[in-house]
Amino acid sequence: MVNKKINVTRREFQDSYRRHYKLYQSTDVSDKTRRLVLFYSVECGLKSLLMKEKGKNTYEEFESSCDRSVTGHDIKAMLKEVNPRNEFVLKNISLEKGGGSVPPKKFNELWRYGAAVADVGEEEKAEKILVKIAEWIRSRL
């Protein structure tokens, strides 16, 4: 069996962005869980915007027409495509154990697995920037 992605429509990405962002805003669960939902909201919103700009209605059409970096979780790459002025700067988040850091394209893993970070302030700053991006997306969809 081939590991084929679900062929989501632009409208479904847009609806997921809205649903996830509303959940992020209204829920009072752990910070990491809220940030994970916010990350996915932004990812879905950016994909919907990219599909809109490229005139593609399905993920399959979109995926075959663009660079692979914008079809995964790399929100920095997606942002660069839809917002070349780069007004939203996301930086790596440093890990507490073992050193190293997590790039924005892996924030979903950081928050999904709950890894300890060296500086909670870095996470809070990333969250604030993701909220700004989510609000910017809302103004564009």
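Throughout, numbering of the chain's residues begins at 1 and tracks the sequence. Treat the numbers as computed from the prediction; the structure is a model and nothing was measured.
Tyr21 and Ser41 make their closest contact through CB-OG, 3.2 Å (heavy atoms, listed as atom of the first residue, atom of the second, distance). The two atoms that bring Ser48 and Phe13 nearest to each other are CB-CB, 3.9 Å, heavy atoms only. For Ile137 against Leu49, the heavy-atom pair with the smallest separation is CG1-CD1, 4.1 Å. Shown here for Cys44 and Ser16, the closest heavy-atom pair between the two residues is SG-CB, 3.8 Å. The two residues Gly114 and Lys32 make their nearest non-hydrogen contact at CA-CD, 3.5 Å.
Considering only heavy atoms from C-beta on, Arg34 comes within 4.5 Å of Thr27 through its side chain. Taking the side chain as every heavy atom from C-beta outward, Val42 and Val131 never approach each other to under 4.5 Å. Counting heavy atoms from C-beta on, the side chains of Glu96 and Val117 never come closer than 4.5 Å. Within the 4.5 Å cutoff, the side chain of Arg112 has heavy atoms near those of the Tyr40 side chain. Within the 4.5 Å cutoff, side-chain heavy atoms of Asn92 are placed close to those of Pro104. With contacts defined as side-chain heavy-atom distances shorter than 4.5 Å, the pair Lys52/Arg10 qualifies.
Relative orientation of the Phe62 and Tyr59 rings is tilted, given thresholds of 30° and 60° on the angle between their planes. Phe107 and Trp111 have tilted rings, their planes meeting at an angle from 30° to 60° on a 0 to 90° scale.
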Audit row: Leu130, Leu90, side chain to side chain contact (heavy atoms under 4.5 Å, CB included) steps and yes/no: CA-CA 8 Å; Leu130 287 171; Leu90 289 164; 4.2 Å; yes
From CA spacing to verdict: side chain to side chain contact (heavy atoms under 4.5 Å, CB included), Ile93, Asp119: CA-CA 8 Å; Ile93 296 175; Asp119 180 0; over 6 Å; no
Test log, rule side chain to side chain contact (heavy atoms under 4.5 Å, CB included), inputs Asn108 and His73: CA-CA 8 Å; Asn108 59 325; His73 300 289; 3.7 Å; yes
Intermediate values then yes/no, side chain to side chain contact (heavy atoms under 4.5 Å, CB included), Val8 and Thr58: CA-CA 6 Å; Val8 180; Thr58 67; over 6 Å; no
Trace of the side-chain hydrogen bond (donor to acceptor under 3.5 Å, both in side chains) decision for Glu127 with Tyr24: CA-CA 11 Å; Glu127 179 179 4; Tyr24 164 78; 2.5 Å; yes
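No continuous path of ILVMFWY side-chain contacts below 4.5 Å connects Phe39 to Val89, so the two sit in separate hydrophobic clusters. Clustering ILVMFWY residues whenever any of their side-chain heavy atoms sit less than 4.5 angstrom apart, transitively, puts Val29 in a cluster other than the one holding Leu110. Residues Leu79 and Leu141 are members of one and the same hydrophobic cluster, defined by side-chain heavy-atom contacts under 4.5 angstrom among Ile, Leu, Val, Met, Phe, Trp and Tyr.
Asn57 CG to Glu12 CD: the interatomic distance, rounded to the nearest 0.5 Å, is 9.0 Å. The CD1 atom of Ile75 lies 13.5 Å from the NZ atom of Lys106; values are rounded to the nearest 0.5 Å. Summarising the geometry, atom CD belonging to Glu61 is positioned 12.5 Å from atom NZ belonging to Lys54; distances are rounded to the nearest 0.5 Å.
Ion pairing of Glu123 with Arg35 is present here, as a side-chain N (NZ or NE/NH1/NH2) and a carboxylate O approach within less than 4.0 Å. Between Glu87 and Lys132 there is no salt bridge, since no side-chain nitrogen of the basic residue lies less than 4.0 Å from a carboxylate oxygen of the acidic one. For Glu63 and Lys56, the salt-bridge test fails: no basic side-chain N is under 4.0 Å from an acidic carboxylate O. Using a cut-off of 4.0 Å between Lys/Arg side-chain N and Asp/Glu carboxylate O, Glu53 and Arg140 are scored as salt-bridged. Salt bridge present: Glu43 and Lys47 bring a charged side-chain N and a carboxylate O closer than 4.0 Å. A salt bridge is defined here as a Lys NZ or Arg NE, NH1 or NH2 lying under 4.0 Å from an Asp or Glu carboxylate O, and Asp15 with Arg19 fails to meet this definition.
Surrounding CD of Glu60 are at most 12 heavy atoms belonging to other residues, nucleotides or ligands under 6.0 Å away. Within 6.0 Å of NZ on Lys105 lie no more than 12 heavy atoms contributed by other residues, nucleotides or ligands.
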